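Reminder, nothing fancy here: chain letters follow the sequence lines and each chain counts from 1. All values derive from a computational prediction rather than experimental measurement.
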4 protein chains.
Amino acid sequence: MARPRANRKALILKAAIKVFARHGFARARTAAIAREARVAEGTIYNYFKSKDDLILTIFEQTWRDLIQALRAALDPIRDPIQKLAVVLMTVLDLFEADPMLAEVFLVELRQSGKCFSNQPMSVILEFLDLLEAILKEGIAQGVIRKDINTKIARGLLFGAVENIVLGWLLRKTHPDLFKKEKPYTLAEAKETLMKLFATGFFVTPSHR
Amino acid sequence: MARPRANRKALILKAAIKVFARHGFARARTAAIAREARVAEGTIYNYFKSKDDLILTIFEQTWRDLIQALRAALDPIRDPIQKLAVVLMTVLDLFEADPMLAEVFLVELRQSGKCFSNQPMSVILEFLDLLEAILKEGIAQGVIRKDINTKIARGLLFGAVENIVLGWLLRKTHPDLFKKEKPYTLAEAKETLMKLFATGFFVTPSHR
Amino acid sequence: MARPRANRKALILKAAIKVFARHGFARARTAAIAREARVAEGTIYNYFKSKDDLILTIFEQTWRDLIQALRAALDPIRDPIQKLAVVLMTVLDLFEADPMLAEVFLVELRQSGKCFSNQPMSVILEFLDLLEAILKEGIAQGVIRKDINTKIARGLLFGAVENIVLGWLLRKTHPDLFKKEKPYTLAEAKETLMKLFATGFFVTPSHR
Amino acid sequence: MARPRANRKALILKAAIKVFARHGFARARTAAIAREARVAEGTIYNYFKSKDDLILTIFEQTWRDLIQALRAALDPIRDPIQKLAVVLMTVLDLFEADPMLAEVFLVELRQSGKCFSNQPMSVILEFLDLLEAILKEGIAQGVIRKDINTKIARGLLFGAVENIVLGWLLRKTHPDLFKKEKPYTLAEAKETLMKLFATGFFVTPSHR
DNA sequence: AATGAATGAGTATTCATTCAT
DNA sequence: TATGAATGAATACTCATTCAT
């Protein structure tokens with residue numbers, strides 16, 4: 001009788017991320033995940049209810065880890081602007097460190113019926129709420145303009161970040177699609193993003 | 001001589017958008033599309049190579065129509081800022097007028113292997129290029145700041161818009177997910193977006 | 001309005017032989033036959049009830065032509081041995097002149113449900129009866145041994161000829177399957193066949 | 001650990017022979033094979049790549065078994081004539097014992113693209129080579145006439161035997177096609193065949 | 001007769017999930 | 001727990017045939 005290797009669950013999850021990233025959720029085979037995790041197919045079902053449960057768990061767990069990390073990192077910071085910078089940095093660092101996770105996140109999860117069921121949405125909303133709280137804090141402190149709808153503003157931030165990472169990722173994985181362009185680093189992206197969200201596209205007295 | 005009944009192709013395409021929006025691409029049945037279009041299943045394959053071809057065609061055709069409309073609308077305008085506003089307005093109008101199309105666009109198409117194959121990416125890039133051209137024009141005219149990477153900035157714009165529309169759509173189709181929130185109109189969203197991209201989040205001399 | 005081109009039926013039949021020979025009956029498409037015959041798909045059904053009817057017609061017509069030709073050729077001949085030689089020559093000549101017809105005949109038609117339904121079998125039996133009549137004539141004349149079952153003997157002749165032609169055909173169409181062998185002509189085959197059926201494999205006083 | 005129930009593969013193969021014999025390859029349903037084998041449809045695909053693979057396996061395995069049996073039976077025999085008799089007997093016995101197998105063999109397998117691909121042809125050639133070796137042995141011993149092309153002669157033998165079995169089979173399965181005839185036994189057929197191949201059709205000094 | 005667009009019945013195969021060991 | 005053989009539901013697509021023109 002085989003003894004359970006430690007961390008079977010984490011092992012399977014990691015394998016699933018790899019396979020989902022490689023083939024996409026729909027074309028990913030549970031057999032491939034099992035092989036990647038060096039586990040029997042049936043074993044997956046000792047830890048997860050279904051293939052859907054696998055991607056949902058990846059999604060949820062990553063968000064939870066991210067939010068927890070964010071709360072810790074944000075706690076000592078007072079300046080809302082600084083807080084936004086930290087959020088951005090944390091997110092970009094996460095995906096830069098684990099591009100396969102980024103792929104699964106950015107590409108696979110928008111399929112309705114997964115992303116938009118209550119379970120994963122509630123954790124996205126938690127992240128959005130965190131963003132909104134920062135905006136509101138900034139408004140209260142008089143640092144951030146108050147003539148904006150914070151619900152809209154937070155989504156705007158979210159989408160911008162998401163697209164930045166997606167663009168960066170695609171330039172890495174499908175360089176042929178962007179033949180004439182030179183890739184950018186996430187650091188550059190972060191800088192541009194902060195500039196634009198801080199003071200906008202326009203040339204105004206505020207930036208020379 | 002048997003002539004094809006007119007509209008067949010457009011009819012099928014419209015039916016497909018409806019069914020894809022309702023069930024998602026993966027769970028959509030070709031039988032349902034045929035029924036919706038009041039056409040035999042086989043007829044679909046007289047006009048489209050496969051189910052994939054169907055969604056790809058929707059994707060590509062919509063982009064092409066959009067880009068064409070944009071070029072026409074932008075042509076008489078000189079002010080780059082005004083141009084950005086027109087782009088935004090055109091996109092939001094399109095999706096507001098056809099929420100099912102928006103659903104298919106925003107949700108189904110990011111699945112890799114469809115979205116990231118050359119075919120659909122090239123038309124997305126065309127749109128991104130159009131955005132970038134406006135930014136560059138603004139920079140040349142001295143209206144838009146020049147200390148930004150336009151490749152990054154255009155993606156940032158794109159993502160922000162995409163997320164705005166997605167948020168608006170979800171609030172319409174899954175109101176339960178946003179129980180405590182009041183929905184916003186695309187008009188509101190447009191305003192906030194323009195404000196933020198114009199002069200940024202920060203409170204500066206430029207806005208009171 | 002298009003005037004019927006002469007020989008539409010024969011034209012279609014010829015195209016069908018070509019397509020059946022190329023792809024086999026099961027994989028042959030009616031569309032391909034129509035294209036080959038430069039005719040609309042629907043036109044085929046003005047002349048033939050179905051795809052099955054096509055191959056059945058080819059089968060039956062070829063046999064009828066062959067039998068008719070045989071009767072004419074055999075009529076003036078008295079010697080049964082000579083008659084057998086003429087039968088053999090006529091059959092081999094037919095297939096040598098039209099290898100595509102041979103392919104369809106030898107390969108496609110054995111599929112049960114076609115070959116073994118009454119229609120085509122009755123014409124095969126007509127051919128077998130013709131063979132048997134020659135054998136019986138030979139027996140009556142004392143030229144052919146009488147200690148054989150003529151039903152069996154005629155099938156034996158038939159199978160031998162069939163296989164000779166099949167072997168010859170395969171060596172032409174799939175030479176790679178017989179790499180080490182040098183092909184033989186139907187003339188050689190006829191000679192060997194006549195020798196063996198005349199006096200057998202054994203070395204006896206009758207052949208040195 | 002789940003062990004495969006024994007016999008599965010053989011069980012499915014047997015069921016396939018039955019169903020192919022009953023309906024013909026093209027009209028045979030995988031569902032019917034599964035039902036016949038009392039196995040789930042999917043199980044078939046644990047053992048065979050496809051429906052084609054099923055009939056190819058039947059074909060190849062039967063030939064291999066036959067050839068093996070022949071080698072064993074022929075080994076102790078010296079007389080080439082006797083060897084030919086043994087070959088004939090072995091083949092006829094096989095098909096007499098398993099008429100369904102005979103049906104599949106004789107009827108279904110000539111369809112090009114199956115029979116004429118390298119795989120099954122190579123095993124047929126092995127059988128033909130075996131026949132030819134006997135003929136050559138007979139020639140070397142001076143028992144069999146040397147003025148024949150052994151390539152042609154072996155095909156002639158093959159075809160004759162094939163047709164004998166086919167005729168016998170048809171008389172069993174479609175007696176209506178041969179209304180006026182009395183069926184023959186394979187024993188009779190063997191005798192006639194041996195006589196004819198030994199000393200031929202002609203009345204000569206060698207047979208009274 | 002000729003056309004060819006429309007039709008829709010028909011089916012092999014896949015693969016997530018189960019369960020006997 | 002772990003295994004992996006067995007399961008069987010589920011479905012896009014083909015193509016012979018029809019029929020309105």
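Here the C1' atom of nucleotide E:dT17 and the OH atom of A:Tyr47 are 18 Å apart, to the nearest Å. Rounded to a whole Å, the CZ atom of B:Phe25 is 10 Å from the C1' atom of F:dA12. Rounded to an integer number of Å, the gap from B:Ile44 CD1 to E:dA5 P is 17 Å. In this structure, the CZ atom of A:Arg38 is 17 Å from the C1' atom of F:dT3, given to the nearest Å. Note: CG (C:Asp53) to P (F:dA16) measures 14 Å, nearest angstrom. Rounded to a whole Å, the CZ atom of D:Phe48 is 15 Å from the C1' atom of F:dA5. For the pair D:Ile12 CD1 and F:dG8 P, the computed distance is 14 Å after rounding to whole Å. One interatomic measurement links the two molecules: CZ of D:Arg35 to P of F:dG8, which rounds to 13 Å at whole-angstrom precision.
Here the side chain of A:Lys14 pairs no donor or acceptor atom with the backbone of A:Ala37 at under 3.5 angstrom.
Remark: D:Phe95 engages D:Phe105 in a ring pair (Phe, Tyr, Trp, His ring centres under 6.0 Å) (not counting sequence neighbours). Residues passing the side chain to side chain donor-acceptor pair (under 3.5 Å) test with A:Thr57, sequence neighbours excluded: A:Asp53. Residues passing the side chain to side chain contact (heavy atoms under 4.5 Å, CB included) test with C:Ala34, sequence neighbours excluded: C:Glu41, C:Ile44. Checked against side chain to side chain contact (heavy atoms under 4.5 Å, CB included), C:Ala16 has the following partners two or more places apart in sequence or in another chain: C:Phe20, C:Ile33, C:Leu54, C:Ile58. The salt bridge (Lys or Arg N to Asp or Glu O under 4.0 Å) search around C:Glu36 returns C:Lys18, C:Arg22, not counting sequence neighbours. Under the salt bridge (Lys or Arg N to Asp or Glu O under 4.0 Å) criterion, B:Arg64 pairs with B:Glu60, B:Glu126, sequence neighbours left out.
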Expected output check: what is the dot-bracket annotation of DNA chain F, where ( ) and [ ] are pairs inside the strand (brackets for crossing ones), | is paired with another strand, and pairs are Watson-Crick or G-U under 3.5 Å? .||||||||||||||||||||

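The side chain of A:Arg8 contributes an N or O atom lying less than 4.0 Å from OP1 or OP2 of F:dA2.
Residues C:Ile55 and C:Phe59 fail the side-chain proximity criterion, which asks for heavy atoms closer than 4.5 Å.
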Annotated protein contacts, base or backbone, on nucleotides 10-15 of chain E with a non-hydrogen cut-off under 4.0 Å, one of B, S, - each: -SBBBS

May I have the step-by-step check of side chain to side chain contact (heavy atoms under 4.5 Å, CB included) for C:Val107 and C:Val104, ending in yes or no? CA-CA 6 Å; C:Val107 172; C:Val104 176; over 6 Å; no

